[in-house]
Chemist: 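Below you'll find the structure I mean.
All ligand and atom numbering here is 1-based and tracks the order in the structure. Just so we're clear, the structure is a prediction, and the values are computed from it rather than from any experiment.
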Amino acid sequence: MLPDKPHGFMTFNRQEPELRPATERSKDFQEFYKPLSSEQVQQQAYRCMNCGVPFCHSGCPLGNMVPDFNDYAKDDRWREALEVLHTTNNFPEFTGRICPALCESSCVLGITNPAVTIEMMEREIAEQGWSRGYVQPEPPEKRTGKKVAVIGSGPSGLAAAQQLNRAGHTVVVYERSDEPGGLLTYGIPNFKLDKEVVFRRVDQMKSEGVEFRCNAEVGKNVPVSELKDYDAVLIAIGSTKPRTFEGMNVSGWDLKGIYPAMNFLTQQTRRVLGKSIEDEDILATDKKVVVIGGGDTGSDCVGTSIRQGCTSVLNIELFPKPGDARQENNPWPQWNFSLRTSSSHQEAPGGDCREWCVNTKSFEDDGKGNICAINTVIVEWSEPDAAGRRTMTEVPGSERRIECDIVLLAMGFTQPEAAPFSEGLKIELEKNRFGQGIKADAAYQTSQPNIFACGDARRGQSLVVWAIYEGREAARAIDLQLMGFSDLPSVNAFVYDTVRAIYSEK
Ligand SMILES: Cc1cc2nc3c(=O)[nH]c(=O)nc-3n(C[C@H](O)[C@H](O)[C@H](O)COP(=O)(O)OP(=O)(O)OC[C@H]3O[C@@H](n4cnc5c(N)ncnc54)[C@H](O)[C@@H]3O)c2cc1C
């Protein structure tokens, strides 16, 4: 029997979906967990305390109304739960699978107990919605006669396109790849996000009236002049230029066998989708793999290498190992910076394959132009100075030669690949903490009128949840510009409007 709501968190413990056994899941590219039963999911919804001040709202960039959807879910009211979720998030089935769950770091229950399983609830609510037929096309009642071009179909472009179309504008999405979805499709591996989950959302958008033009790279096979046909243009091209060792004092950086992670990951998704591979095959099968970079991309390279049957995999990271729990300078409700271990890291033969504070010094040639080893050294990091900068020092005698057949570079991305058209459109770039992004103001307006930018292209490499947020906010800014008013929702506008209303009452 289920308890009354106020006692839910005292009755049930946090329960996450069980992972499929590592030996089984590492042999295929299917999603890696087993779903919970409906009863278990409802029990997790009961754990949400319906806090007077729900910090999870502000922990999530989208302002997801977590207590409200959990309350409906606990009562088996999936349609209402989904409606609440959709008011702030176009694609909860994406964030419910791959978000690091910023909201859970700020869950009030998390101060003393394991936080509510908010991410899992999102996925369950979305999947209930899809399987029960609650997710249907929502075309606009009338059209405004305005046309908007969205360049790029990652989560930011998709969210913006859906919002703008629902506001009645005619939306055309240009995508240079052969499939829509951006990094959701060709980036994040299938075992984290099944591609059918992306494509069914794209189908919903097509039924709503959004036009997708794939194999259409603006600035290459689509002339920039074509954009003059639109009332507004939104640039959502991501930030996909990989960081490499080029220009650094690391010899051998261009040997054969050293690849940017995305080349490797994209090829594998193409294989899963039964598509051809035009370039040289990059495979980890029967190879000793070194992955450089300890973020999501590095972890995805580890999981993919294991699935391809590598003989060994090592994941090295320059920065220090995070602590096992929150540090004093990282209190609740901030994002919790403690160590995270992905399902891929758990799959590595011989246990966790990560090593920290490892700097790459050089790559060795086998005499035929192929990589055969990487030379590294351990570094120590100083405490941050007043400006937050830390310096690294090599530890004498810690040099090491690691034999390998393939090296995957997962060291982040420096800037959008905007070169083909940034000049044609005369948009400006500006510095950000990773390199460069498209310059845009708080209303997502670039240096050119009626040309907007959002997502990783503007803010630098980030997360799917931030991309959806920026897409939604940019859509509202464009709608405002085109119509002089907007009924599209906005987290920022909601906060400002509420504060303004409170003050005007006083
Ligand atoms: C391997 C990997 C794993 C990740 N894992 C996670 C994760 O687990 N959780 C998470 O939250 N985030 C993750 N991220 C980050 C997340 O995927 C990105 O932050 C997010 O996809 C950015 O969305 P976006 O729409 O701004 O850009 P993108 O998703 O990069 O989409 C941009 C699109 O624009 C297209 N494009 C570019 N130029 C043109 C042009 N000239 N004409 C037409 N189209 C163009 C590109 O082909 C692409 O489809 C991961 C990233 C990578 C690389």
Side-chain angles (χ1 to χ4, degrees), residues 61 91 94-102 119 149-161 172-193 198 202 212-224 226-227 233-243 260-266 268-269 291 293 295-304 340 342-344 408-413 415-422 424-425 434 437-438 453-472 474:
F91 314 125
F94 304 162
T95 45
R97 283 175 166 78
I98 51 164
C99 193
L102 313 184
E119 185 195 9
V150 175
I151 309 173
S153 66
S156 65
L158 290 179
V172 177
V173 180
Y174 292 90
E175 171 52 57
R176 70 177 170 184
S177 296
D178 61 347
E179 295 286 355
L183 294 175
L184 297 169
T185 300
Y186 290 130
I188 298 172
N190 218 72
F191 55 84
K192 273 168 63 180
L193 177 64
V198 181
V202 170
F212 286 88
R213 294 188 194 162
C214 288
N215 297 310
E217 183 165 0
V218 176
K220 281 207 176 152
N221 60 345
V222 176
V224 168
E226 188 171 316
L227 301 176
V233 173
L234 177 62
I235 304 174
I237 59 173
S239 177
T240 45
K241 189 158 192 265
R243 191 182 301 284
M262 289 307 301
N263 300 19
F264 172 69
L265 294 172
T266 302
Q268 184 51 45
T269 299
V291 179
D296 279 332
T297 309
S299 152
D300 291 348
C301 287
V302 169
T304 302
R340 281 179 172 70
S342 71
S343 63
S344 296
L408 300 170
L409 306 178
M411 308 186 299
F413 302 91
Q415 63 178 72
E417 294 171 276
F421 70 95
S422 63
L425 282 179
F434 306 106
I438 294 176
C454 71
D456 280 10
R458 191 193 75 84
R459 63 185 291 123
Q461 63 173 70
S462 185
L463 294 173
V464 168
V465 68
W466 278 111
I468 298 174
Y469 162 83
E470 292 223 348
R472 288 170 64 86

Chemist: Below 4.5 Å, heavy atoms only, C-beta onward: do I188 and D296 meet side chain to side chain?
Modeler: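 A side-chain contact is absent here, since even the closest heavy-atom pair is not under 4.5 Å.
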
Chemist: Would E417 count as being in polar contact with ligand 1, using the rule that some N or O on each side must be under 3.5 angstrom apart?
Modeler: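 No, E417 has no N/O under 3.5 Å of an N/O on ligand 1.
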
Chemist: Would the distance check show the side chain of Q268 and the main-chain N or O of P189 forming a donor-acceptor pair, the cut-off being under 3.5 Å?
Modeler: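 Checking the backbone N and O of P189 against the side chain of Q268, no donor-acceptor pair under 3.5 Å is found.
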
Chemist: To the closest 0.5 Å, what do you measure between CG (L184) and CG (L193)?
Modeler: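 The distance works out to 6.0 Å.
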
Chemist: Looking only at protein heavy atoms, identify the closest one to atom 25 (O) of ligand 1 and say how far it is in Å.
Modeler: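 For atom 25 (O) of ligand 1, the nearest protein heavy atom comes out as S156 OG, 2.7 Å.
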
Chemist: Would you mind telling me if ligand 1 is within reach of the side chain of A261, the backbone, both or neither, using heavy atoms under 4.0 Å?
Modeler: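 It is neither part, as no heavy atom is under 4.0 Å.
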
Chemist: For G219 and ligand 1, answer yes if some heavy atom of the residue is under 4.0 Å from a ligand atom, otherwise no.
Modeler: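 No heavy atom of G219 comes that close to ligand 1.
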
Chemist: Among all protein heavy atoms, pick out the one at the shortest distance from atom 3 (C) of ligand 1; state its residue, atom name and that distance to 0.1 Å.
Modeler: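 Protein heavy atom with the smallest distance to atom 3 (C) of ligand 1: D300 OD2, 3.1 Å.
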
Chemist: Going by heavy-atom distance to atom 52 (C) of ligand 1, choose the closest among T297, V173, I98, N221.
Modeler: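 Selected option, by shortest heavy-atom distance: T297.
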
Chemist: Specify the protein heavy atom at minimum distance from atom 41 (N) of ligand 1: its residue, its atom name, and the distance to 0.1 Å.
Modeler: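 Of every protein heavy atom, V218 O, 3.1 Å lies nearest to atom 41 (N) of ligand 1.
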
Chemist: Nearest heavy-atom pair of L234 and A453: which atoms, and what distance?
Modeler: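 Nearest pair, atom of L234 first, then A453: CD1-N, 3.8 Å.
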
Chemist: Enter the distance from L158:CG to F212:CZ here, rounded to the nearest 0.5 Å.
Modeler: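 It is 5.5 Å, given to the nearest 0.5 Å.
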
Chemist: Give the single entry among I151, I235, I237 that approaches atom 38 (N) of ligand 1 most closely by any heavy atom.
Modeler: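 It is I237 whose heavy atom sits nearest to atom 38 (N) of ligand 1.
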
Chemist: Which ligand 1 atoms does G182 reach within 4.0 Å, using its non-hydrogen atoms?
Modeler: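 Heavy-atom distances to G182 below 4.0 Å select 29 (O), 31 (O), 48 (C), 49 (O).
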
Chemist: Check for me whether F413 has a heavy atom closer than 4.0 Å to any atom of ligand 1.
Modeler: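 So F413 counts as touching ligand 1.
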
Chemist: Apply the side chain to side chain contact (heavy atoms under 4.5 Å, CB included) test between F413 and each candidate in S462, P260, S239; give the one that qualifies.
Modeler: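 Looking at S462, P260, S239, the match for F413 under the side chain to side chain contact (heavy atoms under 4.5 Å, CB included) is S239.
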
Chemist: With nothing but distance in play, are any N or O atoms of C99 less than 3.5 Å from an N or O of ligand 1?
Modeler: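 In fact, backbone or side chain, C99 has no N or O that close.
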
Chemist: Test your reading of the model: is there a side-chain donor-acceptor pair from S153 to the backbone of G181, 3.5 Å cut-off?
Modeler: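 Present.
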
Chemist: Which heavy-atom pair separates E470 from G455 by the least distance, and what is that distance?
Modeler: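 The answer is OE1-N, 2.9 Å.
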
Chemist: Measuring from atom CD1 of I468 to atom SG of C454, what distance do you get when rounded to the nearest 0.5 angstrom?
Modeler: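 I468 atom CD1 to C454 atom SG measures 11.5 Å (nearest 0.5 Å).
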
Chemist: If you have a sec, work out which protein heavy atom is nearest atom 15 (C) of ligand 1 and how many Å separate them, to one decimal?
Modeler: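 Residue, atom and distance for the closest contact: S462 O, 3.2 Å.
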
Chemist: Provide the number and element of each atom of ligand 1 under 4.0 Å from a heavy atom of L265.
Modeler: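 Under 4.0 Å from L265, ligand 1 has these atoms: 1 (C).
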
Chemist: Contact between ligand 1 and A216 is defined here as a heavy atom of the residue under 4.0 Å from a ligand atom; is it met?
Modeler: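 It does, in that a heavy atom of A216 comes within the 4.0 Å cut-off of ligand 1.
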
Chemist: Do the side chain of R243 and the main chain of G412 share a donor and acceptor less than 3.5 angstrom apart?
Modeler: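 A pair under 3.5 Å: no.
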
Chemist: Among C454, P155, G154, G187, whose heavy atom sits nearest atom 20 (C) of ligand 1?
Modeler: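 Result: the heavy atom closest to atom 20 (C) of ligand 1 is in P155.
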
Chemist: For R458 and I438, which heavy atoms make the closest approach, and how far apart are they?
Modeler: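 What the structure gives for the nearest pair is CG-O, 3.6 Å.
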
Chemist: What are the atoms of ligand 1, with element, lying closer than 4.0 Å to any heavy atom of L463?
Modeler: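 This gives 10 (C), 11 (O), 12 (N), 19 (O) as the contact atoms.
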
Chemist: Measure T95 to ligand 1 on non-hydrogen atoms and call it side chain, backbone, both or neither using the 4.0 Å cut-off.
Modeler: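 Within the 4.0 Å criterion, T95 makes no contact with ligand 1.
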
Chemist: N/O to N/O below 3.5 Å, does that happen between L183 and ligand 1?
Modeler: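 Yes, since at least one N or O of L183 sits under 3.5 Å from an N or O of ligand 1.
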
Chemist: Run the side-chain contact (heavy atoms from CB on, under 4.5 Å) test on V233 and Y174 for me, step by step, so that the C-alpha distance in whole Å, both residues' side-chain angles and the decisive distance to 0.1 Å come before the verdict.
Modeler: CA-CA 11 Å; V233 173; Y174 292 90; over 6 Å; no

Chemist: Report, in ascending order of atom number, the atoms of ligand 1 lying under 4.0 Å from any heavy atom of F421.
Modeler: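 Every atom of ligand 1 under 4.0 Å from some heavy atom of F421: 41 (N).
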
Chemist: Considering non-hydrogen atoms only, spot the tightest contact between A457 and I235 and give its length.
Modeler: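 Between these two residues, the closest heavy atoms are CB-O, 4.5 Å.
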
Chemist: Determine whether any heavy atom of M262 lies closer than 4.0 Å to an atom of ligand 1.
Modeler: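 M262 counts as a contact of ligand 1 under the 4.0 Å cut-off.
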
Chemist: Let me confirm one number: the CG-CD1 distance from L425 to I151, rounded to the nearest 0.5 Å.
Modeler: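 So the CG of L425 and the CD1 of I151 are separated by 6.5 Å.
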
Chemist: Where is the nearest protein heavy atom to atom 6 (C) of ligand 1: which residue, which atom, and how far?
Modeler: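 The answer is D296 OD2, 3.4 Å.
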
Chemist: Looking at G187, is its backbone amide N or carbonyl O close enough to the side chain of D300 to form a donor-acceptor pair, meaning the two atoms are under 3.5 Å apart?
Modeler: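 No: the side chain of D300 does not pair with the backbone of G187.
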
Chemist: What atoms in ligand 1 come closer than 4.0 Å to a heavy atom of G455?
Modeler: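 Near G455, the atoms of ligand 1 are 26 (O).
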
Chemist: Indicate the atoms forming the closest heavy-atom contact of V218 with F421, along with that distance.
Modeler: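 Closest approach of V218 to F421, heavy atoms only: O-CD2, 3.4 Å.
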
Chemist: To the nearest 0.1 Å, how far is atom 16 (C) of ligand 1 from its closest protein heavy atom, and which atom is that?
Modeler: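 Atom 16 (C) of ligand 1 sits closest to the protein heavy atom V464 CG2, 3.8 Å.
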
Chemist: Show the atoms of ligand 1 that are less than 4.0 angstrom away from any heavy atom in A236.
Modeler: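 Within the 4.0 Å cut-off of A236, ligand 1 contributes 32 (C), 33 (C), 34 (O).
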
Chemist: Between ligand 1 and R176, is the shortest N or O to N or O distance under 3.5 Å?
Modeler: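 Between R176 and ligand 1 (N or O atoms, distance only) the closest approach is under 3.5 Å.
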
Chemist: Does any N or O atom in D456 lie less than 3.5 angstrom from one in ligand 1, N or O only?
Modeler: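 Yes - when backbone and side-chain N and O of D456 are compared with those of ligand 1, one distance drops under 3.5 Å.
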
Chemist: What protein heavy atom is closest to atom 8 (O) of ligand 1, reported as residue, atom name and distance in Å?
Modeler: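 For atom 8 (O) of ligand 1, the nearest protein heavy atom is K192 NZ, 3.0 Å.
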
Chemist: More than 12 foreign heavy atoms under 6.0 Å from NZ of K241: is that the case here?
Modeler: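 12 or below, so no.
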
Chemist: Has E175 got any heavy atom lying under 4.0 angstrom from an atom of ligand 1?
Modeler: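 Flag set, E175 near ligand 1.
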
Chemist: Using a 4.0 Å cutoff against the non-hydrogen atoms of S153, which atoms of ligand 1 qualify?
Modeler: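 Answer, ordered by atom number: 33 (C).
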
Chemist: Report the residues that fulfil side-chain hydrogen bond (donor to acceptor under 3.5 Å, both in side chains) with S344, sequence neighbours left out, ordered by chain and then residue number.
Modeler: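 Checked S344 against side-chain hydrogen bond (donor to acceptor under 3.5 Å, both in side chains); zero matches.
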
Chemist: Go through ligand 1 atom by atom and flag the ones less than 4.0 Å from a non-hydrogen atom of S177.
Modeler: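 In order of numbering, the contacting atoms are 47 (O).
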
Chemist: Nearest protein heavy-atom contact for atom 4 (C) of ligand 1: which residue, which atom, what distance?
Modeler: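 Checking every protein heavy atom, the shortest distance to atom 4 (C) of ligand 1 gives I188 CG1, 3.5 Å.
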
Chemist: Taking distance alone, with N or O pairs closer than 3.5 Å, would you say T240 contacts ligand 1?
Modeler: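 Between T240 and ligand 1, no N or O pair is found under 3.5 Å apart.
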
Chemist: Indicate the atoms forming the closest heavy-atom contact of P180 with V198, along with that distance.
Modeler: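 What the structure gives for the nearest pair is O-CG1, 4.4 Å.
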
Chemist: With a heavy-atom distance limit of 4.0 Å, tell me whether W466 approaches ligand 1 through its side chain, its backbone, both, or neither.
Modeler: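 W466 to ligand 1: no contact under 4.0 Å from either part.
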
